[in-house]
Student: 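Let me begin by handing over the structure; questions about it come next.
Numbers here simply count residues along the sequence, with the first being 1.
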Amino acid sequence: QVQLVESGGGLVQSGGSLELSCAASGIIYSVGVMSWYRQAPGKQRELVASITSSGSTNYADSIKDRFIVSREDAKKTVYLQMNRLKAEDTAVYYCHVDRMATNRELLYDLWGQGTQVTVSY
């Protein structure tokens, strides 16, 4: 079955860097908009960054100029390079795909399992 597998989370010091990746499994022909969301304890989920199939990006103001979202369609993977991390970046990060065409069907609204990012002081 199609799923989004995230990796790259962990513990990092404030000011450090971390790269998250999210790879789509299965026989996939095309992928729509790929996004990263995050949710900190006691807070609502927020959109961090997104990237379209043509490479257009969008970033939340809170991480603008610190994070970079990219995609590598040959690997069916989206990345989030996080730089100059702050304690307030601590959250569970989720990847999301709005549309995905597989060998069987067109799928919508797919989520990764989430990966914990913890930034220490």
Side-chain angles (χ1 to χ4, degrees):
Q1 291 184 337
V2 173
Q3 61 177 324
L4 302 178
V5 181
E6 300 180 36
S7 63
L11 176 65
V12 65
Q13 285 188 295
S14 179
S17 297
L18 206 61
E19 184 180 68
L20 307 182
S21 64
C22 176
S25 65
I27 302 174
I28 300 167
Y29 297 137
S30 64
V31 180
V33 179
M34 307 183 82
S35 303
W36 288 97
Y37 290 80
R38 69 184 182 187
Q39 187 163 24
K43 293 192 174 183
Q44 294 185 341
R45 183 188 66 189
E46 66 171 341
L47 177 64
V48 177
S50 63
I51 182 166
T52 70
S53 59
S54 62
S56 297
T57 58
N58 185 56
Y59 296 97
D61 288 340
S62 60
I63 59 88
K64 191 172 296 182
D65 299 321
R66 295 192 296 121
F67 294 7
I68 299 172
V69 64
S70 63
R71 63 191 288 163
E72 193 169 358
D73 287 335
K75 295 183 178 180
K76 300 174 292 184
T77 301
V78 61
Y79 305 91
L80 185 67
Q81 178 64 51
M82 304 183 291
N83 303 307
R84 291 179 283 131
L85 283 160
K86 305 174 180 179
E88 50 263 45
D89 294 320
T90 295
V92 176
Y93 285 70
Y94 300 89
C95 66
H96 177 265
V97 172
D98 69 339
R99 295 178 178 84
M100 183 181 297
T102 72
N103 62 321
R104 298 290 302 277
E105 60 187 336
L106 185 64
L107 302 175
Y108 302 91
D109 194 28
L110 304 176
W111 290 91
Q113 82 282 2
T115 184
Q116 176 71 48
V117 172
T118 302
V119 184
S120 64
Y121 290 103

Student: Using a distance-only test with no angle check, is there a side-chain donor-acceptor pair under 3.5 angstrom linking Q116 and T118?
Tutor: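 Yes, side-chain donor-acceptor contact under 3.5 Å.
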Student: Can you check whether R84's main-chain N or O pairs, donor with acceptor, with R66's side chain at less than 3.5 Å?
Tutor: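 At least one qualifying donor-acceptor pair exists.
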Student: Considering only NZ, NE, NH1 and NH2 on the basic side and carboxylate oxygens on the acidic side, decide whether D61 and K64 come within less than 4.0 Å.
Tutor: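 So D61 pairs with K64 through a salt bridge.
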Student: Rounded at 0.5 Å granularity, tell me how far CD in Q44 sits from CD in Q39.
Tutor: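 Between Q44 CD and Q39 CD, I get 8.5 Å after rounding to 0.5 Å.
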Student: For L4 and C95, which heavy atoms make the closest approach, and how far apart are they?
Tutor: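 The pair with the smallest heavy-atom distance is CB-SG, 3.7 Å.
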Student: According to a 4.5 Å side-chain heavy-atom criterion applied to Ile, Leu, Val, Met, Phe, Trp and Tyr, with indirect links allowed, do L110 and V33 form part of one hydrophobic cluster?
Tutor: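 No.
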Student: Using atom types as modelled and distance alone, determine if a side-chain donor or acceptor of S14 lies under 3.5 Å from a backbone N or O of A87.
Tutor: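 Between the backbone of A87 and the side chain of S14 there is no qualifying donor-acceptor contact (under 3.5 Å).
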Student: Once rounded to the nearest 0.5 Å, what's the spacing between atom CE of M100 and atom NZ of K76?
Tutor: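 So the CE of M100 and the NZ of K76 are separated by 8.5 Å.
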Student: Do T90 and V119 have side chains that approach each other closer than 4.5 Å (heavy atoms only, starting at C-beta)?
Tutor: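 Yes. Closest side-chain heavy atoms under 4.5 Å.
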Student: I need the I68 CD1 to E19 CD distance, nearest 0.5 Å.
Tutor: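 Rounded to the nearest 0.5 Å, the CD1-CD separation comes out at 10.0 Å.
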Student: Considering only Ile, Leu, Val, Met, Phe, Trp and Tyr, and joining two whenever side-chain heavy atoms are under 4.5 Å apart, list the other residues clustered with L106.
Tutor: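 So far as hydrophobic clustering goes, L106 is joined with Y108.
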Student: What residue pairs, at least two apart or across chains, pass ring-ring contact (aromatic ring centres under 6.0 Å, His included) with a residue in residues 49-83?
Tutor: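 Qualifying pairs: none.
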Student: Does some side-chain heavy atom of W36 sit less than 4.5 Å from a side-chain heavy atom of C22?
Tutor: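 C22 vs W36: side chains touch.
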Student: If I compare all heavy atoms of G9 with all of V117, which pair ends up nearest, and what's the gap?
Tutor: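 Heavy atoms only, the tightest pair is CA-CG2, 4.2 Å.
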Student: To check you understand the geometry: which heavy-atom pair defines the closest contact between T102 and L107, and what is its length?
Tutor: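 That would be CG2-CD1, 3.9 Å.
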Student: Quick one: does E6's side chain have a donor or acceptor within less than 3.5 Å of a partner on L20's backbone?
Tutor: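 Between the backbone of L20 and the side chain of E6 there is no qualifying donor-acceptor contact (under 3.5 Å).
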Student: If you define the side chain from C-beta out and look only at heavy atoms, does anything of E88 sit under 4.5 Å from S62?
Tutor: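 No, every pair of side-chain atoms sits at 4.5 Å or beyond.
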Student: Around Q13, counting heavy atoms of other residues, nucleotides and ligands shown, do more than 12 lie under 6.0 Å from its CD?
Tutor: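 Incorrect, the count does not exceed 12.
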Student: Taking the side chain as everything from C-beta on, heavy atoms only, tell me whether D89 gets closer than 4.5 Å to M82.
Tutor: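 Counting from C-beta outward, D89 and M82 never come under 4.5 Å.
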Student: Taking all non-hydrogen atoms of both residues into account, name the closest pair between T77 and M34 and its distance.
Tutor: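 Looking at all heavy atoms of both residues, the closest pair is C-CE, 4.1 Å.
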Student: For D109 and H96, work out which heavy atoms get closest and say how close.
Tutor: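 For D109 and H96, the tightest heavy-atom pair comes out as OD1-NE2, 2.6 Å.
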Student: When clusters are formed from ILVMFWY side-chain contacts under 4.5 Å, directly or step by step, what else is grouped with Y94?
Tutor: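 Its cluster mates, by chain and number, are Y37, L47, V92, W111.
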Student: Check whether any side-chain heavy atom of R71 sits under 4.5 Å from a side-chain heavy atom of S53, and report yes or no.
Tutor: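 With C-beta onward as the side chain, the pair touches.
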Student: Over all heavy atoms of both residues, which pair between I63 and V48 is shortest? Give the atoms and the distance, please.
Tutor: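 Heavy atoms of I63 and V48 come nearest at CD1-O, 3.5 Å.
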